[in-house]
Amino acid sequence: MLKAMNTNSAFLAIFLLSALSARAAPTTEYCDNGTGECKELTATDCPVLFYIEFIIEANNIKYCDKAKDIVCCPLPLNAQKRVMTPADPRKLYEKECRRYNDVRPTCRSTPLILGGTEVKGREYPFMALLGIQQPGSSTISWDCGGTLIHPKFVLTAAHCLETTETKEQRLDPNYKSPKFVVRLGELDYNSTTDDAQPQDFRLVNYVVHPAYDENEDDGSRLNDIALLELDRNATLNEYVAPACLPSGSGDEHLDLTAAGWGYTKNAGDKSSKLLQVGLKRYGDQVCSERLESRIVSRTQFCAGSGSANSQADTCNGDSGGPIFVQHPVYNCLKQVIGITSYGAICGNYKFPSVYTKVHLYTDWIENIVWGE
């Protein structure tokens with residue numbers, strides 16, 4: 001049978017329990033970014049330094065309190081409490097957007113082409129022309145569009161790079177074959193008095209998406225996306241500045257803008273002036289019903305005028321050009337969410353054109369453009 005404790009015994013027991021609890025759970029003070037713990041420089045508290053301090057230079061010992069001989073005693077790796085700096089979740093191309101926005105301090109704050117209106121100077125400085133120049137000729141045939149996404153890289157459609165020569169022959173300046181030319185900062189390529197400051201480039205490389213495929217039976221294209229590497233960095237200014245890649249799918253955007261120098265009517269002539277047009281995104285089911293070829297909704301979408309009263313559309317010559325929206329953060333920037341790929345008939349709302357979704361390829365793009 002247990003005997004009751006007297007007052008003094010109870011007080012002593014409580015005191016001892018409190019002391020033991022305090023000793024069992026000491027307050028740990030970490031140091032050196034969590035890789036060490038503040039302890040006295042003794043054989044008991046910090047043997048790892050105590051027994052080798054005589055061979056360590058004084059400057060190499062880190063102290064928590066030098067006057068009291070309390071050192072930052074290194075902890076085993078599995079016991080370290082490193083203070084980790086939160087990783088920036090943004091992609092490299094998203095970080096670059098801020099810099100691109102600052103290129104144009106005086107830009108406006110407002111956020112082929114059939115049924116389009118002319119673009120004003122400096123309005124879309126990310127627009128690129130992709131042309132072909134024959135050997136010995138000064139004439140350039142502008143056949144496709146593109147989007148500047150980096151001072152040295154342009155985003156375009158893979159089918160714009162189909163050639164009868166090999167890639168090596170096309171890029172070799174000493175091999176007699178047509179050569180690709182990229183022009184930035186253009187507005188009207190038949191005018192020298194418009195509000196433009198063109199910059200022309202040769203290509204040192206181009207990369208077609210490895211899964212690009214064209215169906216010759218129905219004209220459909222899959223993974224119709226490619227990158228052009230210019231022979232030097234573009235000079236960024238009010239007339240030439242990149243657009244941003246999207247951080248999301250962009251599926252929420254139903255009102256879109258397209259721009260290009262393509263045909264202004266079916267079987268018509270190309271426009272030498274950069275035109276823009278507003279388009280309506282069609283639902284995936286509508287796309288599949290109205291097009292002979294089935295689109296892959298994960299990597300493609302379709303868009304058109306949305307009305308029988310409008311001929312708004314992209315057409316031949318607009319291929320590779322961007323479908324874009326206003327950037328949600330930066331007034332001076334647009335986000336390119338699509339690339340003009342193919343269509344059945346230009347200017348007929350019943351037959352929308354098909355565009356490659358950019359979002360699904362941003363990792364591939366980033367590895368090439370911003371990779372090591």
Side-chain angles (χ1 to χ4, degrees), residues 91 93-94 96-98 100-101 103-104 107-130 144-150 153-157 160 184-187 224-228 239-262 274-282 299-306 312-315 317-341 343 352-362 365 369:
K91 295 280 192 177
Y93 63 81
E94 293 177 293
E96 288 285 85
C97 278
R98 173 69 178 271
Y100 298 157
N101 186 72
V103 167
R104 307 176 61 213
C107 77
R108 303 175 182 86
S109 60
T110 57
L112 136 50
I113 300 299
L114 272 71
T117 58
E118 291 184 19
V119 173
K120 298 176 182 178
R122 297 167 285 177
E123 190 171 3
Y124 299 145
F126 51 84
M127 290 298 300
L129 277 161
L130 176 61
C144 278
T147 309
L148 185 70
I149 58 170
H150 176 280
F153 286 89
V154 168
L155 186 67
T156 190
C160 291
L184 304 174
E186 184 60 282
L187 194 60
D224 192 12
I225 185 171
L227 288 163
L228 312 174
Y239 297 88
V240 176
C244 284
L245 299 178
S247 55
S249 68
D251 290 345
E252 71 277 13
H253 296 291
L254 302 180
D255 295 311
L256 311 169
T257 303
W261 289 268
L274 178 59
L275 302 179
Q276 64 179 341
V277 69
L279 299 175
K280 298 288 185 182
R281 180 194 290 271
Y282 288 30
T299 59
Q300 297 172 306
F301 67 90
C302 75
S305 69
D313 198 4
T314 51
C315 198
D318 293 319
S319 290
I323 301 295
F324 53 91
V325 296
Q326 177 62 43
H327 195 283
V329 177
Y330 303 118
N331 287 333
C332 293
L333 296 177
K334 305 296 183 184
Q335 278 188 334
V336 52
I337 64 172
I339 299 171
T340 303
S341 183
S353 296
V354 179
Y355 304 90
T356 303
K357 282 184 181 179
V358 174
H359 174 61
L360 272 298
Y361 302 92
T362 51
I365 294 170
V369 176

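These values consider heavy atoms only, across backbone and side chains, with no hydrogens, waters or symmetry-generated copies.
Within the 4.5 Å cutoff, the side chain of S247 has no heavy atoms near those of the K91 side chain. Contact of the K357 side chain with the D251 side chain is registered, since non-hydrogen atoms from C-beta on lie closer than 4.5 Å. Looking at L274 and E186, their side chains never come closer than 4.5 Å, going by heavy atoms from C-beta outward. Put simply, the side chain of P242 does not reach to within 4.5 Å of the side chain of H150, judged on heavy atoms. By the 4.5 Å heavy-atom criterion applied to side chains, I337 and L256 are counted as neighbours. Between L155 and I365, the closest side-chain pair of non-hydrogen atoms falls below 4.5 Å. Taking the side chain as every heavy atom from C-beta outward, L254 and K280 never approach each other to under 4.5 Å.
For the residue pair F153 and L148, the shortest heavy atom distance occurs at O-CD1, 3.5 Å. When all heavy atoms are compared, the tightest approach of I323 to A258 is CD1-CB, 3.3 Å. The shortest non-hydrogen separation linking L275 to V119 is C-CG2, 3.8 Å. When all heavy atoms of A128 and T147 are compared, the pair lying nearest together is CB-N, 4.3 Å. The nearest pair of heavy atoms linking C97 to L333 is O-CD1, 3.1 Å. The shortest heavy-atom contact between S341 and S319 is O-OG, 3.9 Å.
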Point to revise | Pair L279-T257, side chain to side chain contact (heavy atoms under 4.5 Å, CB included): steps then yes or no | key: CA-CA 6 Å; L279 299 175; T257 303; over 6 Å; no
Practice item. List the steps, then state whether side chain to side chain contact (heavy atoms under 4.5 Å, CB included) holds for L245 with V358. Key: CA-CA 7 Å; L245 299 178; V358 174; 4.0 Å; yes
**Study point:** Residues Q326, K334; criterion side-chain hydrogen bond (donor to acceptor under 3.5 Å, both in side chains); working and verdict
**Key:** CA-CA 5 Å; Q326 177 62 43; K334 305 296 183 184; 2.7 Å; yes
Check your understanding: Under the side chain to side chain contact (heavy atoms under 4.5 Å, CB included) criterion, do I149 and Y93 qualify, and how do the steps go?
Key -> CA-CA 9 Å; I149 58 170; Y93 63 81; over 6 Å; no
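Judged by the 6.0 Å distance and 45° axis criteria, R281 is positioned over the aromatic ring of F301.
Checked against the 6.0 Å centroid threshold, F126 and F324 count as a close aromatic pair.
The distance from atom CD of Q276 to atom CD of E123, rounded to the nearest 0.5 Å, is 5.0 Å.
Side-chain atoms of Y355 and Q300 form no donor-acceptor pair, as typed in the model, at a separation below 3.5 Å.
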